[in-house]
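In this text, all values refer to a predicted model and were calculated from it rather than measured experimentally.
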Amino acid sequence: MWKKLTVDMNNLSVKKEDVEEEYRDLGGRGLIAQYMINNVDPKCDPLGKENQLLICNTIFAGTNLTTAHRISVGGKSPLTGGIKESNSGGYLGYQLAGHGIKMIAVKDIPQKEGLWLLHIDSKGEIKLKDASDYKGLNNYEFVEKIFEKYGQDAATMSIGVGGERNYKSASIQLSEYKGGHPSRAAARGGLGSLMGSKGLKGIIIEKAENRFKPDYADEEKFKELSIKFNKMVASGAKNHPFHNIGTLSTIESTGENGILPVENFSGKLSKDYKKVGAKQFMENLASRGGSNKIACQPGCVVQCSNCYNDKDNNYLTSGFEYETIALFGPNCKIYDLDVIAQMDRICDDIGVDTIDIANGIAVSMDAGKIEWGDSEAALGLMKEMKDGTDFGKILGNGCEAVGKHLGAKRIPVVKHQALAAYDPRNTKGTGITYSTSPMGADHTAGLTMGRAFDDRGRAAQAYVSNKLQVAIAFYDSMMCLFTFSHAANNLPLLGELWAALYGGSSDFSRVAQLGVKTILTERAFNKGAGMTLDDDKLPEFFCTEKSAATGSKFDIDDYELEVIFDF
Amino acid sequence: MIKINEISIKFKEGMTILDAIIEGKKSINQNTIIMVNNSIVEKDVLDKLQIDDNSEIKILRITDGG
């Protein structure tokens, strides 16, 4: 039987009990939505005692299904003010499942100032430990000290000073499988700040001596189906750019078609994007002893991660992704992969979202605080964020805070959260997703690029965004999104797998209903939190300024946005 | 022999990378990346670079964002 841990930070206690029947066959994003609507007042202060920090395994955790150990973190977002689910790779989901724990709910806030660690040892003994010695440490140093004390096979999840200082863009960093670097992130929506408000510095999970095994409804059937699924994904991944290069490969398409953001979403085409493109990236990996095709969690056959070394062949960062490179790169007019890798490392170390911070830097450049392309000045602002100066704290609060402070006119956010690296004028379905997703401007909620008839046309964009948002809502409950394109032609298999594990109907409609229910529940939470249809809008400049690259504006009618979830 | 994704074609002396792709009946466009022996080759030189026997060409299609 799967267990739930309830950690009460007010009396510093931990309770372990069976997962309630209502949540038994849920996981990830779907579980977070359902738990939040049942247990957290949408009007609560995100950093107050009523909010909860949720850490959830997926529906398929504990099995050998590829990428089943994605971890979802949730709560009311300190950044958006709405519900938030932010998921991450890394080792923690696998270790958590090894102890038979489906979810952790962290409640209330400490009576006195302090920091604590939640520690689960190899025998499954759970303790909340004083972590005052770790105060002020950033994630890389924290993890190093944890490995010294608990061994390299422990999995970690932690906050740096970003979370301790309650920066609204604070991330939660997870250690990667084998490498151990804290470079995987539940980055979006400031959940690191929520973790900091609970006084929780980190969660440490040792490898279980006796690994938990789920109660399969039909184990043989599940085994047969999961082998089929894993083979299908591995076969697709073999000739996919994410496996052979990494997610940065996306820039080779967006750089050509105007989707890549350039100089704070100016709409220009970048002539120089190849300087930070896939070829340069691969050459740097090869010449410096870096690597790609890395699995961030056990059993992953997609293996999209990487390890990027500096010019002296020393480790600099890992999990170096398209969003980070595009937004610190062309969107800030910075064309040096090594500088961008330093920025990625700083963000992971402090524990802040690269998307919101890179957009904040671009807005600083657009508003004239620093010059376009001045990487030294940009690194200087990031140092301020690390040191906690007045402007550093504003930057830590994300793109919108920077824009408002500087009086900027062009602030690329929806629901206070910065846009990812896709210009919505040239992938309009993605613009609809940015606008209407309960998560705020989140590309992972339904990136339509290449899936609509014409990325710049209006036809069927809302339809495609709707279908993808539903699909991603159930996918975020089950496994890593990067298996989706390999499984998209055989999605009914998910229903069969779900039934073989938990019983019940194997019909795909059960899966689709999970996606619809999750989105509607999230929308209901946001409505309770005070959000209205006015929050489902892109910044006006995308509707009034033409993309210089294509002449396209974001011209989707408000009505289409308003009815998108009228199922 | 030259391997292109999951198929193999016969090597011919002097053939370019583009010749091999055409021989393998593979299409390329703005959303494809070409790798030869694990190195990315820009599309504008595919018809200029000769390919060696026993090479592996990968035609990678960008279908997702990062």
K.L.:
Would the distance check show the side chain of A:Lys279 and the main-chain N or O of B:Ile40 forming a donor-acceptor pair, the cut-off being under 3.5 Å?
P.N.:
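Pair found, side chain donor or acceptor close to backbone of B:Ile40.
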K.L.:
Considering only heavy atoms, which portion of A:His443 lies under 4.5 Å from any heavy atom of chain B: side chain, backbone, both, or neither?
P.N.:
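Contact with chain B is through the side chain of A:His443 alone.
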K.L.:
Which region of B:Asn38, side chain (C-beta onward) or backbone (N, CA, C, O), has a non-hydrogen atom less than 4.5 Å from a non-hydrogen atom of chain A, or is it both or neither?
P.N.:
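Both parts, backbone and side chain.
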K.L.:
Give, for atom CG of B:Asn31 and atom CD of A:Glu252, the distance between the pair rounded to the nearest 0.5 Å.
P.N.:
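Atom-to-atom, B:Asn31:CG and A:Glu252:CD are 11.0 Å apart.
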K.L.:
What is the distance from atom CG of B:Leu60 to atom NZ of A:Lys238, rounded to the nearest 0.5 Å?
P.N.:
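If we round to the nearest 0.5 Å, B:Leu60:CG and A:Lys238:NZ are 12.5 Å apart.
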K.L.:
Is any side-chain heavy atom of A:Ile245 closer than 4.5 Å to one of B:Met35?
P.N.:
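Contact flag for B:Met35/A:Ile245 side chains = yes.
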K.L.:
Tell me, for A:Phe482 versus chain B, whether the close heavy atoms (under 4.5 Å) come from the side chain, the backbone, both or neither.
P.N.:
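The side chain, not the backbone.
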K.L.:
Please determine, among A:Gly246, A:Ser235, A:Pro241, the option with the most heavy-atom pairs under 4.5 Å with chain B.
P.N.:
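Heavy-atom pair counts peak at A:Pro241.
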K.L.:
Do other residues, nucleotides or ligands put more than 12 heavy atoms under 6.0 Å from the NZ atom of B:Lys48?
P.N.:
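Yes, the 6.0 Å shell around NZ holds more than 12 heavy atoms from other groups.
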K.L.:
Does CG belonging to B:Asn29 count more than 12 external heavy atoms closer than 6.0 Å?
P.N.:
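Correct, the count exceeds 12.
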K.L.:
Say you draw a straight line from OG1 of B:Thr63 to CZ of A:Phe242; how long is it, rounded to the nearest 0.5 Å?
P.N.:
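One gets 7.0 Å once the value is rounded to the nearest 0.5 Å.
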K.L.:
Measuring only between side-chain heavy atoms, which start at C-beta, is B:Glu42 closer than 4.5 Å to A:Lys274?
P.N.:
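When only atoms from C-beta onward are counted, A:Lys274 and B:Glu42 do touch, with a gap below 4.5 Å.
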K.L.:
Select one option (side chain, backbone, both, neither) describing which atoms of B:Ile62 are under 4.5 Å from chain A's heavy atoms.
P.N.:
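Both parts, backbone and side chain.
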K.L.:
Given 3.5 Å as the limit, does a donor-acceptor pair link the side chain of B:Lys58 with the main chain of A:Asn244, or not?
P.N.:
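Not a single qualifying donor-acceptor pair exists.
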K.L.:
Which one wins on heavy-atom pair count under 4.5 Å against chain B: A:Glu321, A:His243, A:Glu256?
P.N.:
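When all of A:Glu321, A:His243, A:Glu256 are compared, A:Glu256 has the most.
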